[in-house]
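Within every chain, numbering begins at 1; the chains are lettered A, B, ... in the order of the sequence lines, protein sequences first and strands thereafter. Both backbone and side-chain heavy atoms feed into the values below; hydrogens, waters and symmetry mates do not.
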There are 2 protein chains.
Amino acid sequence: MQVNSVETLLANSLAQSALSKKQQDVLKACLTLFAEQGYDRTTTADIAQLAGVSEGTVYKHFNNKREILDALLEPLKASVLPAVADEFVAETVNQHFASLGAALRFLISDRMRFVLDNRLIIRVFLQEVLVNADLFASALAMAKQRFVPAVLPMLVKFSQPQHPLTLESFRPIFGLMLTYLLPVILKPELQLDVDQATDQILAKVMPALEA
Amino acid sequence: MQVNSVETLLANSLAQSALSKKQQDVLKACLTLFAEQGYDRTTTADIAQLAGVSEGTVYKHFNNKREILDALLEPLKASVLPAVADEFVAETVNQHFASLGAALRFLISDRMRFVLDNRLIIRVFLQEVLVNADLFASALAMAKQRFVPAVLPMLVKFSQPQHPLTLESFRPIFGLMLTYLLPVILKPELQLDVDQATDQILAKVMPALEA
DNA sequence: CGATGTTAAGTGAGTCAGCACTCACCAAGG
DNA sequence: CCTTGGTGAGTGCTGACTCACTTAACATCG
């Protein structure tokens with residue numbers, strides 16, 4: 001599976017949308033600036049300057065500043081949560097992993113890489129969530145709705161009869177992933193070795209799942 | 001130990017500081033508004049209105065809007081991280097717990113309650129972190145510096161000789177706490193049963209720690 | 001003890017800078 | 001020439017901050 005990075009995501013949606021080079025530059029500049037200083041503290045003058053265009057150009061395609069933010073978050077909502085999730089799920093399900101460990105190793109490292117690659121957009125998204133309130137709930141619900149019913153069954157079939165696996169069984173994995181990912185999201189210039197982190201997570205978590 | 005809630009924290013620092021009733025109302029209004037709509041989207045008119053004062057009053061004590069934000073975050077930095085942490089540590093260390101499980105149960109539920117009680121300030125803090133960048137690193141460093149050397153030894157002495165406990169041993173606990181706390185921070189009106197969550201965390205985590 | 005000065009707390013209309021957004025104009029490609 | 005993409009000086013509004021004034025609390029003194 002091609003990793004869906006910000007660049008990929010953005011590039012995809014940029015390629016699809018009939019945006020001129022300069023207008024794509026506007027989006028890229030906004031991603032950088034919004035992630036760095038926040039949406040509210042970024043002026044349209046900032047955007048124009050970093051994108052190397054005039055302020056008028058910024059408004060040629062986008063009717064207002066808010067629409068730029070939406071244009072950035074839209075791939076995250078539209079692609080990442082449903083479409084990419086579907087693609088991801090299809091790929092994943094087709095792999096027919098030999099063991100629970102193998103399946104989890106793939107899932108964990110793939111999703112961590114995803115977050116890592118998209119850290120800037122996720123940062124912007126988080127900023128928005130902290131101000132919007134139920135954006136979070138709907139995103140979480142959407143992710144669950146798409147992700148869980150497709151992935152969970154594949155994992156559950158590895159259950160030992162005496163210890164059936166449920167969604168709750170995988171909470172420690174989410175938690176551990178968070179401990180590795182949060183610092184990187186909050187301070188994007190930090191480094192993270194995904195493979196090493198994945199190994200550490202599996203080492204902590206597999207005994208309990210196999211018991 | 002008295003739980004250090006926002007109200008407690010704020011009340012403490014409000015009582016200490018020679019702020020008039022109306023000026024305390026300003027701070028309370030700011031906490032609500034900043035947590036809800038964000039610092040940048042809150043106008044001084046909003047603040048004055050919710051606090052039930054004139055805009056002039058807002059500026060009687062605070063030289064600018066930024067100073068109000070600082071006044072709100074200051075207790076979190078000044079009290080929570082060092083002072084309250086010390087107090088917490090002192091209380092904790094004095095308890096001489098019978099077992100690792102007992103110590104962890106106290107620590108986990110106490111810190112979760114703390115986060116829960118302070119969720120509004122923490123929300124505001126998070127917003128700021130996402131825009132400030134190295135605020136996070138310094139906060140994390142400070143917390144580690146204060147918290148770890150005092151608490152960790154107490155926990156480590158429960159180690160089995162063949163399985164020495166380190167800070168890394170407790171990563172799953174942080175992770176699990178995050179899975180319970182993050183939703184509440186992102187959507188403050190959610191409920192959380194701390195005791196139940198603590199039980200669930202311990203159930204998942206104790207086997208690995210005692211092995 | 002009223003009268004009077006002094007200070008601090010509070011008010012809200014007013015000011016002014018900064019920023020989102022516009023528009024009249026240009027250039028180039030079909 | 002018309003369309004599409006681009007320009008940047010200009011505009012109007014919003015929102016942070018000010019200031020001349022009022023009110024209240026309380027010393028100080030004849």
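- Distance, B:Q37 CD to D:dG15 C1': 14 Å, rounded to whole Å.
- Checking each of A:L167, A:T166, A:I173 against A:S169 for a side chain to side chain contact (heavy atoms under 4.5 Å, CB included) leaves exactly one that passes, namely A:T166.
- Classification of A:R113 and A:D195 as a salt-bridged pair holds, one side-chain N sitting under 4.0 Å from a carboxylate O.
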- [ ] Summarise protein proximity over nucleotides 10-20 of chain C in one line of letters, 5' to 3': B for base, S for sugar-phosphate only, - for none, counting protein heavy atoms closer than 4.0 Å.
- [x] BBB------SB
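- One atom, CG of B:L33, and another, C1' of D:dA16, lie 16 Å apart when rounded to the nearest Å.
- A:D25 has its CG atom 15 Å from the P atom of D:dG5, to the nearest Å.
- Aromatic ring orientation, B:F106 versus B:F97: tilted (interplanar angle from 30° to 60°).
- A donor-acceptor pair is defined here as one N or O able to donate and one able to accept, closer than 3.5 Å; such a pair exists between the side chain of B:K65 and the backbone of B:T42.
- Within the cation-pi definition used here (under 6.0 Å to the ring centroid, within 45° of the axis), B:R171 does not qualify as a partner of B:F174.
- Atom C1' of nucleotide D:dT14 and atom CG of B:D46 are separated by 12 Å, given to the nearest angstrom.
- A salt bridge between A:R123 and A:E189 is absent, with no side-chain N of the basic residue lying under 4.0 Å from a carboxylate O of the acidic one.
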